[in-house]
Amino acid sequence: MKPAPFEYLAVNSVSEAVTALQRYGPNSRIIAGGQSLMQEMNLRQTRPAFLVDINGIKELDYIRETANGLAIGALTRHRTVERSELVQKICPLLQEAVKHIAHFQIRNRGTIGGSLSHNAPGAEYGVVTRLLDAEIVAVGPDGERIIPAEKFFIGHFKTDLKPAEMVTEVRFPALSKETGYAFLEVTRRHGHIPIVSTAATLRLNPDDTVKEAHIALGNVSSKGVPYKVKAVSRLYGQKLTQDVLADLAKAIEAEVDPDPHADSEAVFVKQFSGITSRRVSELSSATYRKQVSSALSCRALNIAFQRIKGGI
Amino acid sequence: MIMTKKGLGASVKRKEDPRFLTGLGQYTDDIEKPGTLHLAILRSPHAHARILNIDTTKAKQLDGVVAVVTGEEALDYYGPLATTINISNNVPEIYAIAYKKVRYVGEPVAVVAAVDRYVAEDAVDLIEVEYDPLPVVVSVEDALEPKALLYEEWGHNIQLEWKTTIGDIDDAFAKATYVFEETITHNRYTGTPMESRVCIADYNPATKHLTVTCSTQSPSQVRTLIAQTLRMPEHNIRVIAPDVGGGYGTKLQANAEIIPCVMSRILGRPVKWTEDRVENLLSGMHSRDYSCTLKVGLDKDYRILGLKAKLIGNIGVDGTCQGPGTPALLVAAAYFPGPYKIPAYEAEVLGVVTNKGPYGAHRGYGKDIANYPVERMMDIMAQKLGISPVEIRRRNFIGKDEYPYEQISGPIYDSGDFQRLMDIALEKVDYHDLKKKQQEWRKQGRYIGVGMAAMLEPSGAAVFNGVFNGYQPATVRMTPEGGFQILTSHQNIGQGVETTLPQIVASVMDVDIDDIRLVYGDTDVTPYGLGPFSSRGATYTVSAVYEAAKKLKDKILKIAGHLLGADPQDLEMVNGHVRVKGVSSHEASISLKELGNKVYLWPGPYGTVPKGVDCNLECTYTWTSEVVKWVPDEHGRVNLYTTHPTGVFVAVVEVDVETGQVKINKFIVSHDSGTIINPMIADGQIAGGIAHGIGGVLLEDLAYDRNGFMVNADFQSYLCPTAMEVSDIEIHHIECPSPFTPLGTKGMGEGGAIPSPAAVANAVEDALEPFGVRVKDLPLTPERILEWINKGEVNHGRS
């Protein structure tokens, strides 16, 4: 369980990083927290020839309030987000989601930029960025570009990032005080990688009918990207009665389209000794993912509702 | 019973813990001899294939590589793996490094020795192997068809086939009012010790001595197996086992350990192999993976008239040389009757070889196989009869006055009281109240279930034919300075023997346990003996230490009598002194230090040691059991286990019926392992065993696909329980001392793992009773649970 040989370069600025990525080409990888990359390298599931260590780019470790919400530097550790009063104030859903990422030891190292760039199935940040239509700022040889979450994720372990590009910042909109929210997962073990993850936001009209609701799901899309539920729009103008939720549950089951084949093709790789191995923790049937998607979605809306009503 | 505050029965804090808790333990991988080469092993990516060609040219050219050895090249230095155990098994001829053929994914194919592990792994990448894939045998059906033969010379894939019928089984079923039949299965899983296997072999070409330092449970046994496999004189081999980070049965053989030994013998240098987790999951010892069909006939009062068990085990590549797993299936056949009275019995066992990893021991060793199907069956029958699972068990328990009880299948149970254990368990869990509340919770959409399993834990096996026999020597030594050493082959694998064995000597000698040290883990130092397997510590080793200590005490009293001018009969040992009974005057007393000094130093033995007394302060005793019967009778019955802890385990679980997730709220345990040496350590053993059981029933599964690839060979996808998955555990003890051991103690390291899967499965079924769920395959994944809820197979609720 030792990595294949690689060259290592520590950089101190984004431009140095981009230059290095450009010079070393597609065989280079950025290492930040290393919580996914290191284990894949040690298993020789992946064998980058060059590692560009960005831990020295101190200016990418920040959480700032912006006109519309939050800007979080790519090198910000999960634990920093989890403990940030600013995040608590402006986008508490993000904090709720981060608590679900593995164990605190891992959260002490893992970074938001790393998690998004890795795009593991069901990853918490991916689901929240998709839900809130967050923006991902990437810098490459041609300068900076802003990628909407919807366009950022391409497939399991794939993003829109070009070989010499790196994530520098993630921009989340603020959640209004009146917005209810929830983040839920089904895992097989405490802190483990989710089989399905769910984030939801909810706003109500004064008569308790739904003004606005959004649900995003992780690990239920055949494309391997965080998925934003369409059926939720049917709630607008309605009260969240049991019947309405049951109806939504059915619609979500019909709508989501998990494809276990796409899963297994994406997640089985060769490792040391040429032995076939798995990159994700859980394989699950489409049927199960559909059922859980609807169950978690309804539950998340209920929690969001209770939050608005001060029940949580 | 002898009682001192640090002796028998005291929850003494573990003497070994300070070094473990402060990082000052020393494990094999912490040791690095100068000039050590590091090994990496090329393993088979195929489940079943012929090896056509291995080209190691490029690997050998890599800088830092010293040697690359294939299975064929190793044949000049060793023979087939020695047999660890053979009870009516077909024993294959197989080698530590695959020769001609690979039979499971992960089987060693070639070995690299290099200056460090990084280079060694780089070189593995450069070895080119040409395989000719063969049809793969994954399931029992594949094996029986047979889709292919693992060992062509056998002509079949059957490693074990055994049957016995005792009593008039046909008549029993003819007379039965109720007959039930169920097939119950269990997943494949393993012990996952925190420290994987590690081995340093150091062959000195000048002395021709081989020193092997490895993470093993059984240094003596490993020494013999290495000698036999490498065909070396055993007296020139020394096996050292330093701190061992857990064993759970998985470190009781020498298969992988042979590889560093042969590499060092070839190279004449120390070599080290540290198994990584992937290697451990692929090629370490697997267990369970069986299907069991039970047929039970009951009379009108729900008393069992007859029990038929048909057990089919999927062994994997082998369970005799690679590991000692195969006879676990026979242990199951001996113990299906469990805590119950069975007038007629039939057992049929079939163990097939497949292209899965090796089969070894893992906390339970067949006693778990005997327990899970039967304890599931008791609940299923109770459901079908509409009676309480408590009642059906109570009507069939062996009564407390019937011990020693000769079970129909051969074992003799030493002592116990299942009715009382059940009383305690029910009272402590508040069973009747819980069942009432259950109805209320259901109305609120909460599905809470309570499940139980009775536990019988045969401990201290004396297995004939192999390295798991029924004897254990111990030496107790007093030093010239008056302290004590206990020397035994009983390895510390985390079970607390550095504390419990001194507690025994402390009781006998009335000295502080800090004045006693356990010496173990070096075959050049301890008497040849066996390691901890089959929970034999409190059965065999404790008894050996006790008897050796008594012998030494007799000798000390004789010498003290001579020195004090008193009759040894009138002397006693008190607080590190020998004195005339009840007399506290200085003249009538001698300290142990003074006595030791006199014997060995000033003046020395002449005049100190009386005539006829051997002039040293150490005694060895080899304990054997008086109740073992190893010659099979006409029904094939034997009695190999001397002691039998008992218990009733109750699990309370909550199931999320929308996601299928199971949460275990608590375990209530009522437990009896006879005389308890250290209650805190006993509780730790039970809790650890329950954690293993929870792993097996909820999470752990060595999953193979149809091509024989293990799909979860790492700790990201093979899920062990963490502290968060292990519930609160409340343990209550009663003590029915064993009449078969001198102190009434019973080995008890596996009892937690044995009944906990059935208790959880029964609790889940109880929680989901309104949905008519029948628990089938394990582990209980959320997906399976939801599928069963949707299916609602059992017709007694929602219709």
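Proteins get letters first, then strands, A, B, ... in listed order; numbering begins at 1 in each. Small disclaimer: the values here were computed from a predicted structure and weren't measured.
A:Glu40 and A:Thr46 share no donor-acceptor pair across their side chains, judged by distance under 3.5 Å alone. No donor-acceptor contact under 3.5 angstrom links the side chains of A:Tyr24 and A:Glu7, judged on distance only.
When all heavy atoms of B:Asp714 and A:Arg278 are compared, the pair lying nearest together is OD2-O, 4.0 Å. The heavy-atom pair separating A:Phe153 from A:Gly126 by the smallest distance is CZ-CA, 3.6 Å.
The neighbour count for B:Asn53 CG, taken as heavy atoms of other residues, nucleotides or ligands under 6.0 Å away, is above 12. For A:Arg47, the CZ atom is densely surrounded, since the number of other residues' heavy atoms within 6.0 Å is greater than 12.
Note on A:Ile195, A:Thr187, A:Val196: by heavy-atom pairs under 4.5 Å with chain B, the leading option is A:Thr187. The residue among A:Gly274, A:Ser273, A:Gly191 with the most heavy atom pairs within less than 4.5 Å of chain B is A:Ser273. Here B:Leu719 is the residue among B:Asn712, B:Asp276, B:Leu719, B:Thr781 with the most heavy-atom pairs under 4.5 Å with chain A. In terms of heavy-atom pairs under 4.5 angstrom with chain B, the leader among A:Gln39, A:Arg299, A:Gln271 is A:Arg299. Interface check for chain A: of the options B:Met710, B:Gln716, B:Glu658, the most heavy-atom pairs under 4.5 Å are formed by B:Gln716.
Of the atoms belonging to B:Thr274, not a single heavy atom falls under 4.5 Å from chain A. Only the backbone of B:Leu698 has a heavy atom closer than 4.5 Å to any heavy atom of chain A. Looking at B:Glu121, both its backbone and its side chain come within 4.5 Å of chain A, counting heavy atoms on both sides. The part of B:Glu725 that comes within reach of chain A is its side chain, from C-beta onward, which places non-hydrogen atoms under 4.5 angstrom from that chain.
We find that B:Asp701 and B:Arg188 are not joined by a salt bridge, their nearest charged nitrogen and carboxylate oxygen being 4.0 Å or further apart.
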